[in-house]
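Structure first, commentary second.
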Amino acid sequence: MFYIQILTEMKTIKNPLTVSALLIVIANTLFAFYSFANLPDTIPIHFGVDGTPNGWGPKFSIFLIPIINLVLSGFMISVRKQPFSYLNLPIKISQNNIEERLKLGTELLDIITLIISFLFLMIEMNIVMVSQNPNYGKYMMIAIFALIVVILGISVHYTRKINKLA
């Protein structure tokens, strides 16, 4: 139901970053369905910092990642449609900076939505790969941590740009 609503809203969404994030969410869901048949009855659902699984769950748990990805991306896209409802940036709004503030805020939101959608896809791929080969997780954790660092770096960069508008 929620997928249908998002897909119908895609007609009104012109931003390529938002469309890309939604396509990644769909790919995440399709990957979960595709992988489900080949998963063991118990799969890793939590990992330590070193990439070693330290929590296990039933194979149906593989569908939690796309659901979380969908809900989070849907929320972030809805914020984009009504940015002043949720977009709280650290400067006062004035007639001089309102357009630039809105542009930078929605740009940051779009980039973070895309990266987080991709991050959830990578987490799901990690779960599938580790359930088939336990040594695989260590390498994927490096990529996941790198994405988190990228998100933080982009956020700092945009925050500095927004603060210059004050």
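For the numbers below, each heavy atom of this structure counts, side chains included, while hydrogens, waters and symmetry mates do not.
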Tell me whether [Y] is reachable from [X] by hopping between hydrophobic residues (I, L, V, M, F, W, Y) whose side-chain heavy atoms are closer than 4.5 Å.
X      : Y      : answer
Leu64  : Val128 : no
Val150 : Ile116 : yes
Val156 : Leu104 : no
Leu152 : Leu72  : yes
Ile148 : Leu114 : yes

How about Ser117 and Ser73: does a side-chain donor come under 3.5 Å of a side-chain acceptor?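 Judged by distance alone, the side chains do pair up.
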Nearest heavy atoms of [X] and [Y], plus distance in Å:
X      : Y      : value
Ala143 : Met122 : CB-CE, 3.2 Å
Phe120 : Ile65  : O-CG2, 3.3 Å
Met76  : Ile112 : CE-CG2, 3.5 Å
Pro44  : Ile127 : O-CG2, 3.3 Å

From [X] atom [atom1] to [Y] atom [atom2], the distance as rounded to the nearest 0.5 Å:
X      : Y      : atom1 : atom2 : result
Ile26  : Leu121 : CD1   : CG    : 12.5 Å
Ile62  : Ile67  : CD1   : CD1   : 11.0 Å
Asn15  : Leu22  : CG    : CG    : 10.0 Å
Leu119 : Phe145 : CG    : CZ    : 10.5 Å
Asp41  : Ser131 : CG    : OG    : 11.0 Å
Asn69  : Thr29  : CG    : OG1   : 7.5 Å

Could you tell me whether the side chain of [Y] reaches within less than 4.5 Å of the side chain of [X], counting heavy atoms only?
X      : Y      : result
Trp56  : Ile43  : no
Gln132 : Asn38  : yes
Ile144 : Phe47  : no
Asn133 : Met129 : no
Ile151 : Ile111 : no

Does any N or O in the side chain of [X] come within less than 3.5 Å of the main-chain N or O of [Y], such that one atom is a donor and the other an acceptor?
X      : Y      : value
Thr52  : Gly48  : no
Ser61  : Pro58  : yes
Thr106 : Lys103 : yes
Asp110 : Leu17  : no

Verify the neighbour count for atom [atom1] of [X]: are there more than 12 heavy atoms of other residues, nucleotides or ligands below 6.0 Å?
X     : atom1 : result
Phe31 : CZ    : yes
Tyr34 : OH    : no
Phe60 : CZ    : no
Phe33 : CZ    : no

